[in-house]
Amino acid sequence: MLSSQSKKIITPFFIASILLPITPAHADEGGLVKTLTGYNINEITPAPAIKLKFGGWVETGFTGNPHSPHNKSNYPVSFNDGANQFKLHQVYAYIEKEIDTSGNAWDIGMRADLLYGTDAKFSATTNFDTTILGANPKHQLVFPQLYANLYAPIGNGLTLTVGHFYTLIGYESVMSPNNFFFSHAYTMRYGEPFTHMGMLLSYPVNSNLTVKSGVVTGWDNLSRHIPNYLGGLNYTSDDKKTNFAVSLITGDARTADLHENHNRTMYSVVVEHRLLEKLRYVLQHDFAVEARTASTPSAAWYGINQYLLYDISDKLGAGLRFEWFHDKNGTRVMGDGNNEDFIGITAGLNYKPIAGITLRPEIRYDVATRHDVFKDGRDNDQILLSASAILHF
């Protein structure tokens with residue numbers, strides 16, 4: 001039987017799921033400015049004359065935890081980590097000048113992103129925006145991207161990116177509209193870098209294959225770190241039904257209380273295949289090793305994530321995610337030196353009632369197979385009932 005507290009949380013969640021409409025992640029985006037005024041924001045600014053594009057969104061959300069942990073935390077689930085709390089997750093804005101890769105002329109572009117909200121602390125960059133608003137603010141301010149692009153009409157076209165940019169690693173993104181689910185997988189949060197500082201070359205070998213290669217300052221570091229290699233390749237089948245991406249980052253790192261360099265290497269493989277016209281399947285596998293940590297002689301972590309995404313209509317989509325993340329020696333999640341396996345199952349909807357609004361309710365079940373890590377360390381599993389709203393502008 002459900003407790004009265006559980007009923008108070010579950011009832012409004014399912015009412016919201018029924019009454020509020022939802023969107024497929026790949027649906028055509030239209031901002032609220034265009035919906036309300038009939039004009040695209042980039043058509044009523046000087047943007048067309050200087051070829052700049054503006055955009056962004058605001059995301060708020062609520063995560064219900066029927067067991068109401070005393071510490072008010074859903075940890076180790078992150079991003080939507082506050083138990084029974086409404087949060088301002090993202091106020092996101094960007095300005096971009098895209099490069100023209102279709103012609104035979106040189107071109108220069110750029111992009112700058114700003115993120116404010118409770119999500120920002122998870123993608124903060126060491127040596128820079130971790131201290132902008134002081135120590136441990138409720139809402140952090142970060143600048144996850146600031147880079148320039150140079151297109152050179154060499155061969156099939158060579159693009160150079162220099163600056164601060166999001167990683168190639170993995171499937172899920174810091175940017176909310178790029179994800180089907182409100183919550184994030186353990187692999188994305190604990191197993192992968194978020195951003196890099198450096199340079200990256202991209203070259204389309206042919207219409208199917210693109211290769212990327214570059215040098216960056218490690219994981220989520222702005223400067224003063226040893227260069228790492230970052231590279232990958234993307235392949236798309238002729239019928240556009242299958243996409244394959246593999247990426248790698250390797251090099252020395254200096255972390256925590258260690259004052260000496262040690263190697264950290266990881267790869268990520270993502271395969272996306274359209275099983276039916278409206279049904280997509282995604283498989284992601286990450287694997288990483290680190291030669292040394294502050295508490296153990298070495299560490300390893302790896303995960304497998306699977307997604308089934310179904311387009312019910314142009315405005316409504318349904319999704320299922322199953323994830324398994326192994327943290328050897330407990331170095332990535334709990335930091336307690338204990339081996340742990342995390343399993344998460346998430347079911348959710350995406351609904352877009354009008355252009356510019358995306359609603360994402362979901363139900364998520366998590367279990368740790370070896371230790372009690374949820375509910376103030378008193379249980380090995382938990383259920384979360386969550387919903388978020390994204391307002392695009």
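Predicted, not measured: the structure shown is a model, and the values here were computed from it.
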Any donor-acceptor N/O pair, [X] side chain to [Y] backbone, under 3.5 Å:
X: Thr236; Y: Lys240; result: no
X: Glu323; Y: Ile304; result: no
X: His164; Y: Phe143; result: yes
X: Asn71; Y: Ser73; result: yes
X: Asp379; Y: Phe374; result: no
X: Arg332; Y: Tyr190; result: yes
X: Tyr229; Y: Val216; result: no
X: Arg360; Y: Ala387; result: no
X: Asn74; Y: Val77; result: no
X: His262; Y: Ala253; result: yes

Grouping ILVMFWY residues whenever side-chain heavy atoms fall under 4.5 Å, the cluster of Ile99 otherwise contains Tyr151
For the atom pair [atom1] ([X]) and [atom2] ([Y]), what is the distance rounded to the nearest 0.5 Å?
X: Asp252; Y: Arg264; atom1: CG; atom2: CZ; value: 10.5 Å
X: Ser268; Y: Glu192; atom1: OG; atom2: CD; value: 5.5 Å
X: Asn84; Y: Leu384; atom1: CG; atom2: CG; value: 9.0 Å
X: Tyr281; Y: Arg274; atom1: OH; atom2: CZ; value: 15.5 Å
X: Asp372; Y: Asn380; atom1: CG; atom2: CG; value: 5.5 Å
X: Glu272; Y: Tyr307; atom1: CD; atom2: OH; value: 11.0 Å

Sub-4.5 Å side-chain heavy-atom contact between [X] and [Y]:
X: Trp106; Y: Ile108; answer: no
X: Leu233; Y: Phe244; answer: yes
X: Ser202; Y: Thr161; answer: no
X: Thr210; Y: Val205; answer: no

Could you tell me which residues satisfy ring pair (Phe, Tyr, Trp, His ring centres under 6.0 Å) with [X], sequence neighbours excluded, listed by chain and number?
X: His326; answer: Tyr302
X: Tyr186; answer: Phe342
X: Phe122; answer: Phe79
X: His285; answer: Tyr267

NZ/Lys375: more than 12 non-hydrogen atoms of other groups inside 6.0 Å: yes
Is it true that, when you exclude Ile154 itself, more than 12 heavy atoms of the residues, nucleotides or ligands shown sit nearer than 6.0 Å to its CD1? yes
What pair of heavy atoms forms the shortest contact from [X] to [Y], and how long is it?
X: Ile390; Y: Pro177; answer: CD1-N, 4.2 Å
X: Pro204; Y: Asn156; answer: O-ND2, 3.0 Å
X: Glu362; Y: Ser183; answer: OE2-OG, 2.6 Å
X: Ala299; Y: Asn329; answer: CA-ND2, 4.4 Å
X: Gln306; Y: Leu283; answer: CG-CD1, 3.8 Å
X: Asp286; Y: Val269; answer: OD1-N, 4.3 Å

Find out if a path of hydrophobic residues (ILVMFWY) with successive side-chain heavy-atom gaps under 4.5 Å connects [X] to [Y].
X: Ile249; Y: Val215; result: no
X: Tyr166; Y: Leu146; result: no
X: Phe182; Y: Tyr75; result: no

Is it true that [Y] and [X] share a donor-acceptor pair across their side chains at a distance under 3.5 Å?
X: Thr125; Y: Asp220; result: no
X: Asn263; Y: Thr265; result: yes
X: Asn208; Y: Asp238; result: yes
X: Ser176; Y: Glu59; result: yes
X: His392; Y: Thr358; result: yes
X: His67; Y: Gln382; result: no

Think Arg111 forms a cation-pi with Tyr94, using NZ or CZ under 6.0 Å from the six-ring centre and within 45 degrees of its axis? yes
Give the C-alpha distance, both sets of side-chain angles, the deciding distance and a yes or no for salt bridge (charged side-chain N to carboxylate O under 4.0 Å, His left out) between Asp366 and Arg364. CA-CA 7 Å; Asp366 292 89; Arg364 172 172 177 155; 2.8 Å; yes
Please assess His89 against Asp119 for the test side-chain hydrogen bond (donor to acceptor under 3.5 Å, both in side chains), listing each intermediate value before the final yes or no. CA-CA 5 Å; His89 285 270; Asp119 283 7; 2.9 Å; yes
Under the criterion ring-ring contact (aromatic ring centres under 6.0 Å, His included), which of Tyr116, Tyr92, Phe393 is the partner of Trp57? Tyr92
Which residues satisfy the side chain to side chain donor-acceptor pair (under 3.5 Å) test with Ser78, sequence neighbours excluded? Arg189
Salt bridge Asp341-Lys328, side-chain N to carboxylate O under 4.0 Å: no
Presence of salt bridge, Asp314 and Lys278, under 4.0 angstrom: no
